[in-house]
Amino acid sequence: MSFHTSLRFAIAAQAMSLQELVDELRARGVRISVSTLSAWQTGRSRPEGVRSLEALPFLEELLGLDRGTLRAGLPARRPRGRRPAWEAALATRHATLWRSSDAVRRLLAKVDADWSALASPQPLSQRSQCWVNRDGREAAARTSRLLRAGPGGAERFVSVYRFAALSQAPRITTVGGCTPARFRADPESGLAVFEFLLDRPLREGESAVVDVGLLCPSGRGESHFTCRVHSGARMVCLEAVFDSGRIPDGCFAYYQEHSGGRPRVLRRVSDAERGARFQHVEVDPVPGIYGVRWG
C-alpha cells in the first residue's frame, strides 16, 4: 500500500484530527505542520528530507502501526553518491543568483527541497508586481507564474524571497491555483522560503497558472525589487506601482548575470514618461536577475 493511502487509513481508523496529531508529535519533540500532514495523506507531497523521515516512527507509534509501515510505502530514494554533472551545474548556477546562497540552501532544506526545486515545475513566464508606499519603499508584492511540470509531474512549488528586514513574517494576502504550506525564514539574511501545494497535481507536460500576493514586513523597505529567471523562460514582466503621493524622480529596469554582476540598464524612464506605473517586459529572457529600481 502506498505511503499516503496507509497514512490516510490509519488516521481515519484512530479518529484523530490532524491538529491532534500535530500536538502529539510536538509533545515528542517532532515539529510537523497540519498542512504538511494534509499534503502527505492526500498524496500531494511526501516526506523526503531527513527531518521528515525521522518523524515517521513517531507517526507510526501514534497511529498504532507496525514500525516501518509508512516508510515501506515510500518510493525508492535516489542512490546517494556523486551527483550527475547536470545537477551539480544546476546547483552552481542557482547559487550564483543569490548573495547569501548558503542561507538559501539551508532554508530550502527545511522544506525538503534543494536548488532544483526553484526550477521545477518550470516557470515558463512570470509577472512580478511591486507596490511602493509614500516612503518610496516596497510595501506589497504579487507574482503570477505559468508553470509546466517536468518528468514525474508536480505537486508543489517553492519560492524564495529576500526582504530588507524580517521583523515579522510576510503575510500572504492572495493565492490562486495553490495553497500555502510551509514557511521558513532567516531573519539575519532577510530571506524567506514558502512552499505552496498546487490545487491540482500536474502530470508531465501539463501547465498551470499560480498567483501569490504578499504584504511585506513592516520596517525598513527596499527601493528596488528583483526576480530570478531560469533557463527555458519565455517571458518575464516587472511592474512597479507607485503611491500617487510618491512618484519617483527616476526609474529603470536592469539585468545582472549573477548576484555580484554589474547591473546593465534595460530601460530608463524619461521625465516625459514618468507616472504612477512602470512596466518592463522581456521576451525569451536570458537567465539571470531582473530588477526595477527607483529613486
Give a yes or no answer on whether the side chain of Arg267 reaches the backbone of Gln279 with a donor-acceptor pair at less than 3.5 Å.
yes

Please report the shortest heavy-atom distance between Phe183 and Ala169, naming the atom on each side.
CE2-CB, 3.8 Å

Hey, quick one: are Val236 and Tyr254 part of the same hydrophobic cluster, counting side-chain heavy atoms closer than 4.5 Å, chains of contacts allowed?
no

Any ion pair linking Asp135 and Arg246 (charged N to carboxylate O, less than 4.0 Å)?
no

If you measure from SG on Cys178 to CZ on Arg145, what distance do you get to the nearest 0.5 Å?
9.0 Å

ILVMFWY clustering at 4.5 Å (side-chain atoms), partners of Leu215
none

Show your working on side-chain hydrogen bond (donor to acceptor under 3.5 Å, both in side chains) between Gln122 and Arg148 and close with a plain yes or no.
CA-CA 5 Å; Gln122 182 184 25; Arg148 181 175 61 189; 3.0 Å; yes

How long is the span from the CG atom in Leu118 to the OG atom in Ser159, to the nearest 0.5 Å?
8.0 Å

Can you tell me which residue pairs pass the salt bridge (charged side-chain N to carboxylate O under 4.0 Å, His left out) test with a partner in residues 278-295, sequence neighbours excluded?
none

For the pair Thr226 (side chain) and Tyr290 (backbone), establish whether a donor and an acceptor sit closer than 3.5 Å, ignoring hydrogens and angles.
no

Can you list the residues that meet the ring pair (Phe, Tyr, Trp, His ring centres under 6.0 Å) rule with His230, with sequence neighbours excluded?
His94

Can a donor-acceptor pair be found, under 3.5 Å and without considering hydrogens, that links the side chain of Arg8 to the backbone of Gln41?
yes

Strictly by salt bridge (charged side-chain N to carboxylate O under 4.0 Å, His left out), give each pair with a member in residues 21-35 just once, sequence neighbours left out.
Glu24-Arg28

Please confirm whether Phe278 and Trp294 have ring centers closer than 6.0 angstrom.
no

If we ignore hydrogens and angles and just use 3.5 Å, is the side chain of Gln256 paired with the main-chain N or O of Gly261 as donor and acceptor?
yes

Taking everything shown except Tyr161 itself, do over 12 heavy atoms lie less than 6.0 Å from its OH?
yes

Hey, does the side chain of Glu60 reach the backbone of Thr69 with a donor-acceptor pair shorter than 3.5 angstrom?
yes

Please find the pair of heavy atoms, one from Phe242 and one from Arg277, that lie closest to each other, and give the distance.
CD1-N, 4.4 Å

If you take all heavy atoms of Leu7 and Trp40, which pair is closest and at what distance?
CD2-CB, 3.7 Å

Just jot down the side-chain hydrogen bond (donor to acceptor under 3.5 Å, both in side chains) partners of Ser6, sequence neighbours excluded, or say none.
none

Taking only residues at least two apart or on different chains, which pairs with a member in residues 169-179 satisfy salt bridge (charged side-chain N to carboxylate O under 4.0 Å, His left out)?
none

Which heavy atom of Val281 sits nearest a heavy atom of Met235, and at what distance?
CG1-CG, 4.0 Å

Start with the C-alpha distance between Ser100 and Arg162, add both sets of side-chain angles, then the distance that settles side-chain hydrogen bond (donor to acceptor under 3.5 Å, both in side chains), and finish with yes or no.
CA-CA 10 Å; Ser100 306; Arg162 191 186 72 81; over 6 Å; no

Ignoring hydrogens and geometry, is there a side-chain-to-backbone donor-acceptor pair from Arg71 to Leu56 under 3.5 Å?
no

If every non-hydrogen atom of Arg67 is compared with every non-hydrogen atom of Pro57, which pair is closest and at what distance?
NH1-CB, 3.4 Å

Which pair of heavy atoms, one from Pro285 and one from Ala233, lies closest together, and at what distance?
CD-O, 3.5 Å

Grouping I, L, V, M, F, W and Y whenever their side-chain heavy atoms are under 4.5 Å apart, do Val241 and Val132 come out in a common cluster?
no

